[in-house]
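Some notes on the structure that comes next.
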Amino acid sequence: MTYLSRIRINPLRKDSRKLLSNPRAVHGTVMGGLPNHKPEDRVLWRMDPDNPHRPHLFVLSPTRPDWTHIIQDCGWPDADGDHAAVRDYTPVLSQLAVGREFAFRLTANPVQNTATPTKATPAQAARLAAHAEDGKRIRGFRMGHRTAAAQLDWFLTRTDRWGFGIPATRSDPTAPGIHTPAPPTASHPTSPPRPDPNPPYEVRITARHRHSFQKNGHGAHVVFRSATFEGRLRITDTDRFTTSLLTGLGPSRAYGCGLLTLAPLPGQQT
């Protein structure tokens, strides 16, 4: 059984400030609330700081969690209200069907693989030099997309494999600098995405961040970029979409990326 949790975070507490600034710390704290966790289990989480005075931590877990430690250290343990709402995810999964539409939110890490980074780090430069000497083919580097346009293209060109599509917008024009890709043509089914002359899709980037922290406190330095996408989606493949919900989208899932959450559209019955 899968559970979706929403936990209130008090940003004024010392432990909360650590969580809000370090995805590695959140990962460890989340795993501390899952006593029956198995190594093969996929756990997804996302920090939503929409309200800076009361951020929310969302967690999707395959076993029922206990968030007492987060409430005590990072919440308002003696205040009124629902400190940590834990819901069975089965009712959500039972609503999934081809053609069904939902509002959605996703924080993801849009990346590309390249053998020729434009601004190589010292480690990458050393690796490139070593491969140049021995003549072996170099394995590509995973590089984060830096611009909103590239991040949006990354998202839109992958929705089909995730089991959903993004409908065309009914109102707003495309923001300056954003070019949404059109699907491949029938005569060239594998052709790369092209700029779409039609109205843009029902999706927008609401937040973009660069994360930088030490892994395990004194380990390797981790740097990655995230983008939060919000909009409207339409399910095209129920099995793929269910897998996307339960296993996450894109890389850096241990660091708060990949959790796709759904909400009913206005006027839609649940």
Side-chain angles (χ1 to χ4, degrees), residues 3-35 37-39 41-63 65-77 79 83-86 105-111 119 121-124 141-146 148 151 154-155 205-230 247-261:
Y3 297 89
L4 180 65
S5 304
R6 184 184 66 182
I7 310 156
R8 294 194 301 176
I9 302 297
N10 181 350
L12 299 181
R13 305 192 70 170
K14 179 180 178 181
D15 288 343
S16 298
R17 291 194 294 271
K18 182 179 180 181
L19 294 187
L20 292 169
S21 63
N22 189 334
R24 177 68 186 177
V26 183
H27 175 74
T29 299
V30 166
M31 300 311 294
L34 301 169
H37 174 72
K38 301 176 182 177
D41 289 342
R42 171 66 68 183
V43 178
L44 303 172
W45 64 267
R46 186 182 74 227
M47 188 72 76
D48 281 0
D50 304 62
N51 182 345
H53 301 292
R54 193 175 66 181
H56 284 98
L57 172 62
F58 287 84
V59 182
L60 188 70
S61 60
T63 58
D66 180 357
W67 305 124
T68 303
H69 64 300
I70 299 182
I71 296 170
Q72 293 292 332
D73 297 337
C74 305
W76 290 270
H83 302 290
V86 180
R105 174 177 286 185
L106 165 71
T107 294
N109 176 17
V111 297
K119 294 182 179 180
T121 65
Q124 291 169 346
F141 298 99
R142 176 180 285 181
M143 308 290 291
H145 287 296
R146 295 172 177 265
Q151 291 169 344
W154 175 90
F155 173 79
I205 295 177
T206 58
R208 302 170 62 233
H209 296 286
R210 180 182 182 274
H211 306 270
S212 177
F213 56 92
Q214 292 293 127
K215 188 175 182 179
N216 297 326
H218 302 286
H221 193 69
V222 177
V223 178
F224 71 94
R225 297 174 185 272
S226 67
T228 299
F229 304 89
E230 295 184 34
T247 62
L249 312 180
S252 301
R253 300 177 203 183
Y255 297 144
C257 296
L259 174 58
L260 178 70
T261 52

Q: Heavy atoms only: give me the nearest Ser5-Pro65 pair and the separation to one decimal.
A: OG-CG, 3.5 Å
Q: Answer yes or no: is there an ion pair linking Asp73 with Lys18, defined by an N-O contact shorter than 4.0 Å?
A: no
Q: Can you see which heavy atom on Trp45 is nearest to which on Arg253, and at what distance?
A: NE1-O, 4.2 Å
Q | Donor-acceptor pair, side chain of Asp48 and main chain of Asp50, under 3.5 angstrom | A | no
Q. Quick one: OG on Ser21 to CZ on Phe213, what's the gap to the nearest 0.5 Å?
A. 10.5 Å
(Q) Classify the ring geometry of Tyr255 against Phe224: parallel below 30°, tilted from 30° to 60°, perpendicular beyond 60°. (A) parallel
Q: Quick one: pull up CD1 in Ile7 and NE2 in His56 and give me the separation to the nearest 0.5 Å.
A: 10.0 Å
Q. Considering only heavy atoms from C-beta outward, does the side chain of His211 approach that of Val222 to under 4.5 Å?
A. no
Q | From CA spacing to verdict: side chain to side chain contact (heavy atoms under 4.5 Å, CB included), His145, Arg225 | A | CA-CA 7 Å; His145 287 296; Arg225 297 174 185 272; over 6 Å; no
Q: First locate atom CG of Leu260, then atom CZ of Arg46, and finally report the distance between them rounded to the nearest 0.5 Å.
A: 8.0 Å
Q: Indicate the atoms forming the closest heavy-atom contact of Thr29 with His69, along with that distance.
A: O-NE2, 2.9 Å
**Q.** Stepwise side chain to side chain donor-acceptor pair (under 3.5 Å) test for Thr63 and His37
**A.** CA-CA 7 Å; Thr63 58; His37 174 72; over 6 Å; no
Q. Between Gly258 and Leu44, which heavy-atom pair has the shortest distance, and what is it?
A. O-CD1, 4.3 Å
Q) Roughly how far apart are Thr247 OG1 and Leu259 CG, rounded to 0.5 Å? A) 11.0 Å
Q | pair Pro62-Arg42: side-chain heavy atoms closer than 4.5 Å | A | no
Q) Does a side-chain heavy-atom distance below 4.5 Å link Pro11 with Pro52? A) no
(Q) Taking atom CZ as the centre, does Arg6 end up with more than 12 heavy-atom neighbours from other residues, nucleotides or ligands that are less than 6.0 angstrom away? (A) no
Q) How far does CG of Leu20 sit from CG of Leu57, to the nearest 0.5 angstrom? A) 9.5 Å
Q: Please step through side chain to side chain contact (heavy atoms under 4.5 Å, CB included) for the pair Leu106 and Phe155, ending with a clear verdict.
A: CA-CA 10 Å; Leu106 165 71; Phe155 173 79; 3.8 Å; yes
Q) With distance as the sole criterion, is a donor-acceptor pair present between the side chains of His221 and Ser212 under 3.5 Å? A) yes
Q: Please examine the side chains of Trp67 and Val30, heavy atoms only from C-beta on, and report whether any two atoms are closer than 4.5 Å.
A: yes
(Q) Using only atom types and a distance under 3.5 Å, with no angle test, would you say the side chain of Arg105 pairs donor to acceptor with the backbone of Phe229? (A) no
(Q) Looking at every non-hydrogen atom in both residues, tell me the closest pair between Met47 and Pro49 and how far apart they are. (A) O-CD, 3.3 Å
(Q) Quick one: does any side-chain atom of Arg13 pair with a main-chain N or O of Gly75 as donor and acceptor, under 3.5 Å? (A) yes
(Q) Using side chain to side chain contact (heavy atoms under 4.5 Å, CB included), reason through Ser226 and His209 one step at a time and then give a plain yes or no. (A) CA-CA 5 Å; Ser226 67; His209 296 286; 3.8 Å; yes
(Q) Do Cys74 and Leu19 have side chains that approach each other closer than 4.5 Å (heavy atoms only, starting at C-beta)? (A) yes
**Q.** Nearest heavy atoms of His83 and Pro77, plus distance in Å
**A.** NE2-O, 3.9 Å
Q: I would like to know whether Leu60 and Thr261 meet side chain to side chain contact (heavy atoms under 4.5 Å, CB included); could you show each step before the answer?
A: CA-CA 9 Å; Leu60 188 70; Thr261 52; over 6 Å; no
Q) Taking atom CD1 of Ile70 and atom CZ of Arg8, what is their separation to the nearest 0.5 Å? A) 13.5 Å
